[in-house]
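Source: prediction; values computed, not measured.
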Amino acid sequence: MILSRGSGALCSHRRASFYASFKLRFLSTKAYDPLRILFCGSDHFSIASLKALHAEHVQHPDRIASIDVVCRPPKKVGRGMKDIREVPIKAAATELQLPIHEIDTFTGWRAPVNLGQPINLIVAVSFGLFVPPRILNGAKYGGLNVHPSLLPDFRGPAPLHHTLLAGRTRTGVTLQTLHLERFDHGAILAQTPSPGIEIPNPDSCHVSQLLDVVAPKAANMLVEGIRQGLFVPPVTDAGWYSSKQEELIHAAKIKPKDRHIDWANWTCADIQRRHRVLTALWSKSLVFDKPTGPKPTFQQKRVILNKIEEVQPMKGSEAFALVPGLPFIDGEHTVKADSGKGVYVFTKDGKLIRIHQMTVEGQPLADALRAALKARLVGSRTFSSHDVPFAPFHNPLF
C-alpha cells in the first residue's frame with residue numbers, strides 16, 4: 001500500500017500520541033509485587049469492597065495473588081444470650097471460598113503465610129479493631145482503608161449515621177493509608193471529587209439507603225487505588241476537603257444514650273430525624289405498680305417508641321403542650337385496647353406526635369395504646385384532650 005507524504009505524517013502523529021498516552025499511563029501506575037492481601041472487615045459496607053477485590057483477584061491474579069479474611073468471632077445476643085450472631089462478612093467470605101481467620105484481638109496473633117510468602121498489604125474496611133503497628137510493619141506495603149466520608153470530616157466508627165444526623169446534603173468516600181497510632185488519620189490517597197456525592201432525599205434518607213450509595217463507590221475507589229499502586233511509597237496526599245466549608249464532626253460510636261429522648265431540648269424535627277437515622281428511640285416512664293396498700297405506687301420502666309408520626313394538634317389538647325413529654329390519650333371515656341384511640345405527646349416546640357407502636361420494658365412490641373394499658377402505663381381513666389386529668393406520672397413521659 002502506497003501512502004502519501006501527508007498520510008505518513010498523520011500516522012506518525014497518531015503513533016506519537018499513542019506512545020505519549022501509554023507513557024503517561026505507565027508513569028501514573030506504580031509497579032508493585034503481586035499482592036497477598038489480609039482483608040479485615042465486618043459489615044455490608046466492607047462486603048462490597050471484599051467482593052470487588054475478589055473480582056479483581058480472579059481477573060488479574062498477577063496483581064492480587066491471594067486474599068485472606070479476618071473477622072470477629074460470633075457473639076451471643078438476645079434475651080438470655082442464647083442466640084449466636086455471626087458477622088455478615090463471614091458468610092460473604094465463605095461464599096467466595098476465601099480463607100477466614102476469626103480473632104477478637106491481634107495480641108499474640110500472626111498473619112498467615114501463603115506458599116511461603118508473607119502478607120504484603122493489609123486492607124481494613126469497617127473492621128472495628130485497630131490494626132497494630134506490628135501487623136502493619138510486617139506488610140511490605142502497609143495498610144489501606146476506605147471510609148464513607150470526606151475525611152477529615154466524620155472521622156470515627158459511625159460516619160453514615162452522623163452524616164444524616166447533621167443534615168448534610170452531600171457526602172463522599174476516602175481512600176487512606178492505615179495510621180500506625182490512630183483511626184482515620186492516615187494519608188489520603190484518593191477522595192470523591194468536589195463537591196462530593198449528592199445524598200438522595202436527605203430529609204428522608206435512611207442509613208441503609210445511604211449505604212447503598214457509598215458502598216459501591218468505596219469498593220471502586222479501593223480497586224482503582226490498587227490498580228494505580230497509590231499505596232506504593234512515596235504516597236501523594238489527595239485530600240481536598242477543608243474545615244472552612246463546614247464544621248468538622250467526629251462520628252462517634254452510636255450508644256444507647258443517643259437514642260434517649262431529651263424532651264426538654266429536642267424539637268419535633270430532632271426527634272423525627274433521630275428516629276429515622278437511629279431507629280427506635282426510648283425514654284423512661286412511671287407506671288402503676290401492683291397495689292400493696294391504699295395509695296398507688298409506681299415504678300420506672302423503659303419505653304421504646306417503635307413507630308411515631310407528627311400530627312396536627314387536636315382541639316382542647318393545648319394544656320398538654322405545657323409539659324413536653326407528657327402523654328395523653330384522645331377521648332373522654334374509659335378506653336379499650338381495640339378502641340382505635342391513640343397515645344400522643346407534645347414536643348418542646350409545640351408539635352404533636354402520635355405514638356403508633358411501642359415496647360414497654362418486659363413486654364413485647366404492640367400497638368401503643370394496647371401496650372400502655374397492658375403495662376399499666378395508664379389507669380382505668382383516659383387522658384382527656386379536653387382537660388388535664390389525674391396522671392400517673394410524676395415527671396414527663398419517657
If hydrophobic clusters are built by linking Ile, Leu, Val, Met, Phe, Trp and Tyr wherever their side-chain heavy atoms come under 4.5 Å apart, do [X] and [Y] end up in the same one?
X	Y	result
I64	L189	yes
F45	L175	yes
I103	V131	yes
V232	L53	yes
I188	L222	no

If we count only N and O atoms by modelled type, under 3.5 Å, do the side chains of N114 and D68 hold a donor and an acceptor together?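 N114 vs D68: donor-acceptor pair found between side chains.
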
Keeping the roles fixed (side chain from [X], backbone from [Y]), state whether a donor-acceptor pair exists under 3.5 Å.
X	Y	result
K30	P234	yes
D367	R370	yes
S42	S126	yes
D43	S46	yes
W240	T192	yes

Gap separating the [atom1] atom of [X] from the [atom2] atom of [Y], nearest 0.5 angstrom:
X	Y	atom1	atom2	result
S317	F328	OG	CZ	4.5 Å
Q312	L352	CD	CG	8.5 Å
R276	R273	CZ	CZ	6.5 Å
I308	H275	CD1	NE2	4.5 Å
T359	K301	OG1	NZ	12.5 Å
T171	L160	OG1	CG	7.0 Å

Decide yes or no for [X] and [Y]: does some side-chain heavy atom of the first lie under 4.5 Å from some side-chain heavy atom of the second?
X	Y	result
V69	L96	no
I47	P88	yes
R259	I254	yes
D258	R274	yes
K351	F346	no
Q209	I199	no
K217	I197	yes
L210	V207	no

Under 3.5 Å, side-chain donor or acceptor atoms of residues 144-156 against the rest of the protein: list the pairs with distances, not counting sequence neighbours.
residue	atom	partner	partner atom	Å
N145	OD1	Q176	NE2	2.7
N145	ND2	A124	O	2.6
H147	NE2	F154	O	2.9
S149	OG	D153	O	2.6
D153	OD1	I249	N	3.0
D153	OD2	R168	NH1	2.5
R155	NE	D184	O	2.7
R155	NH1	H185	NE2	3.4

Minimum heavy-atom distance between [X] and [Y], given as atom pair plus value:
X	Y	value
K374	P364	NZ-CD, 4.4 Å
I119	P112	CG1-O, 3.5 Å
L230	A190	CD1-CB, 4.2 Å
R170	P195	CD-O, 3.3 Å
P34	A65	CB-CB, 4.1 Å
C268	D349	N-OD1, 3.1 Å

Tell me, please, which residues at least two apart from A187 pass side chain to side chain contact (heavy atoms under 4.5 Å, CB included).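 For A187 the side chain to side chain contact (heavy atoms under 4.5 Å, CB included) partners, ignoring immediate neighbours, are T177, V235.
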
Over 60° means perpendicular and under 30° means parallel, so classify the ring planes of F106 and W109, tilted if in between.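 Perpendicular.
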
Y32 ring center near F231 ring center (under 6.0 Å):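 For Y32 and F231, the ring centres are under 6.0 Å apart.
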
Dump the intermediate steps for side chain to side chain contact (heavy atoms under 4.5 Å, CB included) on L121 and I37, then the final yes or no. CA-CA 5 Å; L121 179 67; I37 295 176; 4.2 Å; yes

What do you reckon, is [atom1] of [X] surrounded by more than 12 foreign heavy atoms closer than 6.0 Å?
X	atom1	answer
D62	CG	yes
H60	NE2	yes
R110	CZ	no

Report the C-alpha separation of E86 and E102 in whole Å, then their side-chain angles, then the decisive distance to 0.1 Å, and conclude whether the side chain to side chain contact (heavy atoms under 4.5 Å, CB included) test is met. CA-CA 11 Å; E86 302 270 11; E102 295 180 283; 3.9 Å; yes

Before giving the answer on side chain to side chain contact (heavy atoms under 4.5 Å, CB included), spell out for K348 and D262 the whole-Å C-alpha distance, their side-chain angles and the decisive distance to 0.1 Å. CA-CA 9 Å; K348 171 193 173 183; D262 184 352; over 6 Å; no

Begin with the C-alpha distance, continue with both residues' side-chain angles, and end with the deciding distance and a verdict on side chain to side chain contact (heavy atoms under 4.5 Å, CB included) for F39 and L98. CA-CA 10 Å; F39 185 94; L98 297 174; over 6 Å; no

